[in-house]
Amino acid sequence: MHVFAGTVRQALRQLTESDFVTDCARRYADLHGQPPGHSELNSWRKSWPSLLGVLTSAGLDELYLLLEYGLPGTGRRIDALLLGQRAEGLVAVVMELKQWSEAAPHPVGFGMLTVSGREVLHPARQVGGYVSYLTDWVPADLHLEVRGLALLHNASPILIGHLRDAAAGGPSAAYPLLGADDLADQSGATQLAERLQCADLKPAAPEAISSFHSARHHPSARLLTRIADTIHGTGGFRLIDEQDKARQAIHHAIAASAEHRPGHLVVVTGGPGTGKTAIAARVLGDLCQKQGANPRLLTPSGTLTHQLVRAAGDSATGLIQTLTTTLPKGLDKASSVVLLDEAHRARTDPLRRRSTFPNLFTRLIDNCAVLVCFLDERQIVRPSEGTTLRELRHLAHDRHYGFAHIDLTSQFRCSGSTAYLDWIDRLFTPAGQVPAWHGSDYDLAVAESPAELEAWANAHHFQGHTARITAGFCWQWTSPDTPPLTPEVSIPYRDHTGEHLWQRPWNARATGLLAGPDTPGRAFWATDPGGHRQIGCIYTAQGMEYRNSAVILGNDLTWTPNGWQARPEESRDHALHGLTSEQYLTYALNTYRVLATRGTHGTRLYSTDPPTQKHLRHLLLHPRHQPPTH
């Protein structure tokens, strides 16, 4: 997808003879279902005249230009892609356009910068990612050579020097950074074309351009080998017992699909910590070693996607993606294997569904050879998401697809304590009938105040162990995307010293590695430094784990002599508004069950509702392990 395709000369003529940017904005809206943002339009108006002027001055009028070229299946767009030809074949030149006049080093992120308070990739690293994608995903028979550079039209020699120094010594140094002086007209056409990496290019033949547009994007053997090596080299993805059984069942379905006919559904069920994500990652690594493979690892959780891509490497972005309601590009019925982790979080709208089965799942299985769903029905926390084993079994039967189900019962989180997970599973059921906790293989207790809860978590943090505080969504989220964050989670309490008010902010909403100084972006709240200072919610904690977990139960779930009572009016989660108490109860119980199973070694519970706190105190008489001192 793109907003313009044609020669540089044609683009320049349209720019001067019509409202070119408005026409491109209209095409963008047609392609994406919404218009470009105001800042993006401003960027086009400022960048495109400069780009076209530079290309014309370099004598590159007849080269083929694509503006806002969308990389299939990634949601990313290249600012400008120039196509030309050499004797050896077609050449694509990636051009990233920036209007920066200043940039500062990023305090933490390698290969990143801070520009106008925003966290951004170094432009050479950004170009390198695009070059790698085109190299790794375009069919080899296209014989495409890919080059890349960044044009910073307003950058001074000093800024360009700093940016070049920051990229020196790494792979990003291969991609030139050109500032205002480098792009000046007086450079001469030949010299300017050389700087733009286009001096040896001639206009591409129409059939070559047509082949580029019609090429199907598939992962190359090169990319698959890199991902396989990365995953298989990670000890955290080793599988044992039922996990390995699940892996073998998936491979059996893949083999059956190849030998007979495509159309197989495998469902792997299991509670928290049973290794569903580890199996998905390991099978992805296996598939990357197979000739002609075309796998995808999808998850509805953006948090988990970011964490998986960081673990597997940036080049895995096209293979590991967030699933919304749009299927990834490049799937085929003959060879594609889709691994859907956290299938319970998929957007299936069960309350408004008109068809027998979730439309998203029917479209997925109709577009791949094997669909593998990793599922825990008790982690469904929204009315707009989720599916069940029964529903998936019926889907396979109805469409005459092969079906297999593997249930994982052994778990490897919570110190391997089956007793703890069984206890939590029973606690967070509507009746909530559970005996007092007497387990000795997991550190579980009640905190008497939010301050005590935080002190316990901080004590572990200062000893070098990850510790996080989470809460039900019972407080408004009022902070801006970036710090300073507002202390929204506000809890009054009383102890022997008097009345107190405990306040802390929710985790940041920013999507980058960092939201601000000492504040990770939301996808990295559970793992990165600074996360212990904010309160996590179900959407940043689900799918993650940390050593010590402190959980605040809000007034949306309270204990009564007859069991748990849901109070949806206490929730500030817009996704749950309008539910009855009975409907809300299931999601509230699932939410707190998830939050209480994130800790690998210890958990502390605290309720803002006095009767519920009293009940927890009765169940958790004594902590089995004393918290560390500091």
Side-chain angles (χ1 to χ4, degrees), residues 445-462 466-510 514-542 544 546 548-558 567-576 588 591-592 594-596 598-599 602-614 616-617 627 630:
V446 65
E448 292 299 330
S449 70
E452 180 181 309
L453 193 82
E454 183 179 39
W456 176 81
N458 284 343
H460 284 288
H461 170 76
F462 289 127
T466 53
R468 293 293 185 269
I469 305 174
T470 58
F473 220 145
C474 296
W475 293 267
Q476 293 284 3
W477 205 318
T478 58
S479 288
D481 288 354
T482 57
L485 304 179
T486 305
E488 303 107 326
V489 181
S490 180
I491 303 174
Y493 71 96
R494 179 182 179 84
D495 63 14
H496 66 281
T497 64
E499 303 284 345
H500 305 277
L501 182 64
W502 183 86
Q503 294 180 304
R504 294 296 180 270
W506 285 114
N507 60 256
R509 288 186 286 190
L514 278 181
D518 301 319
T519 306
R522 64 185 180 196
F524 304 103
W525 163 85
T527 55
D528 288 16
H532 69 289
R533 297 188 181 93
Q534 299 93 44
I535 309 304
C537 69
I538 183 61
Y539 303 119
T540 46
Q542 193 166 18
M544 305 308 298
Y546 25 86
N548 302 285
S549 172
V551 182
I552 299 172
L553 281 70
N555 285 347
D556 62 333
L557 185 68
T558 59
R567 300 169 65 187
E569 70 276 6
E570 294 290 337
S571 173
R572 302 297 179 265
D573 190 342
H574 297 297
L576 299 171
T591 292
Y592 288 113
V594 169
L595 297 182
R598 302 301 93 186
T603 295
R604 291 294 182 271
L605 301 176
Y606 170 79
S607 175
T608 57
D609 174 64
T612 307
Q613 177 70 359
K614 180 180 179 180
L616 293 176
R617 190 183 298 118
H630 175 65

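For clarity, every value in this text was computed on a predicted model and none was experimentally measured.
- We find the CD1-CZ distance between Ile469 and Arg604 to be 12.5 Å, quoted to the nearest 0.5 Å.
- At least one side-chain heavy atom of Trp477 sits less than 4.5 Å from a side-chain heavy atom of Asn507.
- A search for salt bridge (charged side-chain N to carboxylate O under 4.0 Å, His left out) contacts involving Asp609 returns nothing, not counting sequence neighbours.
- Checked by atom type and distance alone, the side chain of Gln613 pairs as donor or acceptor with a backbone atom of Ala447 at under 3.5 Å.
- Scanning both residues, Pro520 and Gly530, for their nearest heavy atoms gives CD-C, 3.7 Å.
- For the pair Thr482 and Ala510, the tightest heavy-atom approach, listed with the atom from each and the gap, is CG2-CB, 4.5 Å.
- Counting only distance, with no hydrogens or angles, the side chain of Arg598 and the backbone of Tyr546 share no donor-acceptor pair below 3.5 Å.
- Rounding to the nearest 0.5 angstrom, the gap separating the CZ atom in Arg504 from the CD1 atom in Ile535 is 7.5 Å.
- Between Ile552 and Tyr592, the shortest heavy-atom contact is O-CE2, 3.5 Å.
- In this structure, Thr519 and Arg533 have side chains that are not in contact, with every pair of non-hydrogen atoms separated by 4.5 Å or more.
- A search for side chain to side chain contact (heavy atoms under 4.5 Å, CB included) contacts involving Pro505 returns Leu485, Glu488, Gln534, not counting sequence neighbours.
- Shortest non-hydrogen contact noted between Trp525 and Gly531 is NE1-O, 3.0 Å.
- Interatomic distance, CG of Leu605 versus OG1 of Thr612, reported as 11.5 Å (0.5 Å rounding).
- Nearest heavy atoms, Thr527 versus Met544: CG2-CE, 3.8 Å.
- Nearest heavy atom pair, residue Ala596 against residue Thr603, reads O-OG1, 3.7 Å.
- Between Trp506 and Phe473, the ring center distance clears the sub-6.0 Å criterion.
- Applying the salt bridge (charged side-chain N to carboxylate O under 4.0 Å, His left out) rule to Asp495 yields no partners; only residues at least two apart in sequence or on another chain are considered.
- Not counting sequence neighbours, the partners of Ala467 by the side chain to side chain contact (heavy atoms under 4.5 Å, CB included) test are Ala457, His460, Asn548.
- Two residues are said to be in side-chain contact when any heavy atoms from C-beta on lie closer than 4.5 Å; His532 and Arg468 meet this criterion.
- You'll find the side chain of Ile538 reaches within 4.5 Å of the side chain of Leu595, heavy atoms only.
- For Glu570, the side chain to side chain contact (heavy atoms under 4.5 Å, CB included) partners are Asn555, Asp556, Arg567, not counting sequence neighbours.
- Residues forming a side chain to side chain contact (heavy atoms under 4.5 Å, CB included) with Pro450 (at least two apart in sequence, or on another chain): Ile491, Tyr493, Trp502, Tyr606.
- From Ser449, atom OG reaches atom CZ of Arg494 across 13.5 Å, with rounding to the nearest 0.5 Å.
- How far CH2 of Trp475 is from OG1 of Thr608: 5.0 Å, rounded to the nearest 0.5 Å.
- Arg509 contributes a side-chain N or O that, together with a main-chain N or O of Ser479, makes up a donor-acceptor pair within less than 3.5 Å.
- Side-chain atoms of Gln503 never come within 3.5 Å of backbone atoms of Ser490 as a donor-acceptor pair (strictly under, hydrogens ignored).
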